[in-house]
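As the structure lists them, so they are numbered: ligands from 1, and atoms in each ligand from 1.
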Amino acid sequence: MIRVGPAGYPPGSKGPVDAVERAAAMGFSALEVQFVRQVRMDAAKAEEAGRRARELDVALSAHAPYYINFCSSDPATRDKSLEWVMRSARLCHVLHAGPVVVHAASYSRKGPDECTAMVLDALMRCRAMMEDEGMGSVQIGLETMGKKGSWGTLEEIEEVAGTVEGVVPVLDFAHLHARGGGSLKRAQDFQQALDDVISFHKGGLHCHFSCIEFTEQGERRHLPLEARQPDYRQLMKPLREVESDVTLISETPPPEDGARAMLGMLRRKE
Ligand SMILES: [Zn+2]
């Protein structure tokens, strides 16, 4: 099954329950809750939103704060990063949401290997704490990152996700495209990206999509799908051949339009 939905509540939503109902009414089967600036939600409302999402068959996931940096030279920032992931995970547990999507780190003047080791160590601690709190079922999703200064190439993510139980990759097509200098052009490029992830990750695939402007340094800003950077029509064939369930979260401005355009492309049979 392929699920499609927006990043963030649909416009005009009055809280999480209303957001779930609006997303379902708009024909979406997924919604990524944004904890990117603050991790806050009333527990009773979260529980109700989780229940409504299950009734309406809307798969919930969440995006953890942008400030997370497990490679920071400042130990206080590393501790806070752990706390942000844990707070996001606790709300995910109540919402029955997953994965909790994380931008793990920027290299912060460290080498990629040192940074990978730091992310690995931090996520092992996160997962141990999650198990202790009885929320081992919530997965942590490591997003492929679009800036060359950010930790999170597919290879780096493979190393961590392959080592730490409960950590999964999140394939962000726009970020891969930007970091690769416009690497997703043809259907076989998308096929390769999917194959690369499936080679080390079995089970459901969580993806982000958008069009994107990029420079030598990688990602610059997100663009609507009409920009065709990358051209998602090329994704349709390889996507239909993926055997596991796929969730596609739209991060285009505005996300609902991107999600609707994606649904339109999926319905068209070439
Ligand atoms: Zn993200």
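- To the nearest 0.5 Å, atoms CE (M265) and CZ (R268) are separated by 7.0 Å.
- Residue E32 forms a side chain to side chain contact (heavy atoms under 4.5 Å, CB included) with just one option from P6, S61, P255, and that option is S61.
- F214 pairs in a ring-ring contact (aromatic ring centres under 6.0 Å, His included) with only one of the listed residues (H222, H175, H177), which is H177.
- Using a 4.5 Å heavy-atom threshold, the side chains of Y67 and T77 count as separate.
- With contacts defined as side-chain heavy-atom distances shorter than 4.5 Å, the pair T144/V170 does not qualify.
- Screening residues 103-165 for disulfide (SG to SG under 2.5 Å) gives C71-C115 as the qualifying pairs, with residues at least two apart or on separate chains.
- Within the protein, the N, O or S atoms sitting under 2.8 Å from the Zn ion (ligand 1) are H63 NE2, H103 NE2, E143 OE1, E143 OE2.
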